[in-house]
Amino acid sequence: MTRVRLIQGTDLAAHAEGIRQVYADVFAAPPWNEDPSAGALYVERLADDAARPGFTAALALDGATVGGFATAWTTPVVFPSGRSYGHAAQALGPDRVTAWLCGALEVDELAVSPGARGAGPGAALLSAVTGAAPDGRCRLLTSVHAGAALRFYRRAGRNQVQLPVPGRAGLTVLLGPAHPAAPGLADRAYTRISTAIRDRRMNRFKGREDSGTPRRLSRVPTHSPHSGRAGRPLLELPAINPLTVLAIPV
């Protein structure tokens, strides 16, 4: 049985080979396409990472076998410029970087070997390393090309910042569910999806109207239920079956 537990940075060396293998298995696959030798380089880097302020790590272990790992640390108050930091700063701008990222807990890596997936170790690893995030301020980067990773993080309540990060990797910033800026992101995402669904339904029913087929109207609120604002005037839209709406890809 796989169990997830927090581990001290000084104890990671005892699991170095397992971490290396998981890293190589996960990040050699698309869209990352890293050379398998990158696993060994990552293990070497872990010693330096473990010395960072706020460093935390968790392992998914089935006996002595490493099935996954996650690492995180506190983003410095003076925002770094190396690695992907500079691209993130360029996308968000200085005000958002200061308010959203500086001093927040950043998840650096999370990887689960293909053979260990499906039993929940990824969610448990993410929860383990972000549980102590100050004031719920945690964040991470992933690639928009990594569809499975994005779906995983969304299911885990992470909120995607809809500002593209420059660079070929197609990185995107996600904030944790308790991050102070997360409610605004969720509200905008709800509005964007609702608008897309409304437009598609309107076009479909407009086609029926043009062909002479009568359509039934219903009254749908024009504001997001997540916003906390009082209801605004209702707009007449074509009747929508909520069960079919959920199946529409957006």
Worksheet entry | From CA spacing to verdict: side chain to side chain contact (heavy atoms under 4.5 Å, CB included), Arg158, Arg154 | CA-CA 5 Å; Arg158 269 53 192 175; Arg154 287 168 179 160; over 6 Å; no
Practice prompt. Evaluate the criterion side chain to side chain contact (heavy atoms under 4.5 Å, CB included) for residue pair Phe27 and Tyr42; output intermediate values, then yes/no.
Written response: CA-CA 11 Å; Phe27 294 111; Tyr42 174 71; over 6 Å; no
Practice prompt. Show your working on side chain to side chain contact (heavy atoms under 4.5 Å, CB included) between Tyr23 and Leu41 and close with a plain yes or no.
Written response: CA-CA 10 Å; Tyr23 188 102; Leu41 296 176; over 6 Å; no
Worksheet entry | side chain to side chain contact (heavy atoms under 4.5 Å, CB included) between Asp49 and Thr71, intermediate numbers included | CA-CA 9 Å; Asp49 290 342; Thr71 58; 5.7 Å; no
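Thr98 contributes a side-chain N or O that, together with a main-chain N or O of Pro94, makes up a donor-acceptor pair within less than 3.5 Å. Between the side chain of His179 and the main chain of Trp100, a donor-acceptor pair closer than 3.5 Å is present. In this structure, the side chain of Asn159 does not engage the main chain of Leu185 through any donor-acceptor pair within 3.5 Å. The backbone N or O of Arg137 sits nowhere less than 3.5 Å from a side-chain atom of Asp135 that would complete a donor-acceptor pair.
Shown here for Pro36 and Ala24, the closest heavy-atom pair between the two residues is O-CB, 3.6 Å. Of all heavy-atom pairs spanning Thr75 and Pro80, the tightest one is CG2-CD, 4.4 Å. Heavy atoms only, all atoms of each residue included: Cys102 and Val77 are closest at SG-O, 3.3 Å. Considering all non-hydrogen atoms of both residues, Val129 and Ala70 come closest at CG1-O, 3.7 Å. Across all non-hydrogen atoms, the minimal contact from Gly9 to Ala50 is CA-CB, 4.0 Å. When all heavy atoms are compared, the tightest approach of Ala88 to Val165 is N-CG1, 3.9 Å.
In Arg3, the CZ atom is not crowded: 12 or fewer heavy atoms of neighbouring residues, nucleotides or ligands sit closer than 6.0 Å.
One hydrophobic cluster holds both Val43 and Phe55 under the rule that ILVMFWY side chains link at heavy-atom gaps under 4.5 Å. By the rule that hydrophobic residues join a cluster once side-chain heavy atoms approach within less than 4.5 Å of another member, Ile19 and Leu125 end up as members of separate clusters. When the side chains of ILVMFWY residues are joined at heavy-atom separations under 4.5 Å, either directly or via intervening members, Val144 and Leu163 end up in two distinct hydrophobic clusters. A single hydrophobic cluster is not seen to contain both Leu141 and Leu150; linkage of ILVMFWY side chains at heavy-atom distances under 4.5 Å, directly or through other members, places them apart. Residues Leu140 and Phe152 share a hydrophobic cluster, clusters being chains of Ile/Leu/Val/Met/Phe/Trp/Tyr side chains in contact below 4.5 Å.
The CG atom of Leu126 sits 6.5 Å away from atom OH of Tyr153, with the distance rounded to the nearest 0.5 Å. Rounded to the nearest 0.5 angstrom, Leu101 CG and Cys138 SG are separated by 11.5 Å. A distance of 10.0 Å separates CZ in Arg20 from OG in Ser37, rounded to the nearest 0.5 Å. To the nearest 0.5 Å, atom CG of residue Leu59 and atom OG1 of residue Thr2 are 11.5 Å apart. The CG atom of Leu6 lies 11.5 Å from the CG atom of Asp11; values are rounded to the nearest 0.5 Å.
We find that Asp48 and Arg45 are not joined by a salt bridge, their nearest charged nitrogen and carboxylate oxygen being 4.0 Å or further apart. Under 4.0 Å is where a charged nitrogen must lie from a carboxylate oxygen, and between Asp108 and Arg83 at least one such pair does.
Val112 places none of its side-chain heavy atoms less than 4.5 Å from the side chain of Val22. At least one side-chain heavy atom of Ile7 sits under 4.5 Å from a side-chain heavy atom of His15.
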Just list the side-chain donor-acceptor pairs under 3.5 Å for residues 168-177, sequence neighbours left out, or say none.
| residue | atom | partner | partner atom | Å |
| --- | --- | --- | --- | --- |
| Thr172 | OG1 | Gln160 | NE2 | 3.0 |

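Looking at Glu106 and Tyr85, their side chains do bring a donor and an acceptor atom within 3.5 Å of each other.
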